[in-house]
Structures are given as C-alpha cells and as structure tokens.
Amino acid sequence: MTLSLNIGNLFNDSYSHALVDELRKRTTEREILEFEEKFNSRNEKHLHTYICRFLKNRSISRGLASKWLLTMLENKESTIEAIKN
C-alpha cells in the first residue's frame, strides 16, 4: 500500500497501519527527521501527535515510540540551542 503523506482528517486503520509501516522503514536519525519534516509540511496534525495516539492505543511498542519521539525532540532542542547562541 502506498501512503499519501497528506492524510488530513481521514485516519482509519489502513492509514494507521501504513503510517506505522512507513515509520518502521526509517531506522536512522536522518531518515526519521526527513520523514517528519515531509509529513508535517503536508498534514494538519504533526507526526508526534499520531505517534502519541499510536502509543495510547497500544498500536506500537513503547520502545519504538520512544525512539521516534526522542529523535524528534532532540532535534528540536538542538535547533533551539543553535538559535539561542
């Protein structure tokens, strides 16, 4: 199944599974951040919102969610630090 990065308000099981599959393909920090940037630019809600929803619904493991969320948060923190300096 091909995942359109513009999923808008339609977020059913097939899109959910497709998004999780797309995220699982990204194993490096760079790949995760590139996907996040693309996803966030084409959707109303940011990727971290969907990851948290997956975690709440137990659709993904805590380890996988923490890897994705930590990668994204550390990137945001380093960007903020770079702006401060």
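Keep in mind that what you see is a predicted model, and the values were worked out from it rather than measured. Both backbone and side-chain heavy atoms feed into the values below; hydrogens, waters and symmetry mates do not.
- Within a 6.0 Å sphere centred on CD of E37, heavy atoms belonging to other residues, nucleotides or ligands number 12 at most.
- We find the CG-CD1 distance between N85 and I80 to be 12.0 Å, quoted to the nearest 0.5 Å.
- F39 CZ to T49 OG1: the interatomic distance, rounded to the nearest 0.5 Å, is 8.5 Å.
- Once rounded to the nearest 0.5 Å, the distance linking OG of S59 with CZ of R53 reads 10.0 Å.
- You'll find the side chain of F35 reaches within 4.5 Å of the side chain of L19, heavy atoms only.
- To the nearest 0.5 Å, atoms CG (L23) and CG (L47) are separated by 5.5 Å.
- Residues satisfying the salt bridge (charged side-chain N to carboxylate O under 4.0 Å, His left out) criterion with K56, sequence neighbours excluded, are absent altogether.
- Rounding to the nearest 0.5 angstrom, the gap separating the NZ atom in K67 from the CD1 atom in I60 is 12.0 Å.
- A 4.5 Å side-chain heavy-atom check between N40 and K45 finds every atom pair outside the cut-off.
- For K38 and E34, the salt-bridge test fails: no basic side-chain N is under 4.0 Å from an acidic carboxylate O.
- Within the 4.5 Å cutoff, the side chain of F54 has no heavy atoms near those of the L64 side chain.
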For this session: Apply side-chain contact (heavy atoms from CB on, under 4.5 Å) to E29 and N75, showing your working.
Result: CA-CA 9 Å; E29 181 179 315; N75 181 60; 5.6 Å; no
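- A salt bridge between E36 and K76 is present, with a side-chain N of the basic residue lying under 4.0 Å from a carboxylate O of the acidic one.
- Within the model, atoms CG of L55 and CH2 of W68 stand 10.0 Å from one another, a figure rounded to the nearest 0.5 Å.
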Problem set entry | side-chain contact (heavy atoms from CB on, under 4.5 Å) between M72 and I51, intermediate numbers included | CA-CA 11 Å; M72 291 185 283; I51 293 172; 3.2 Å; yes
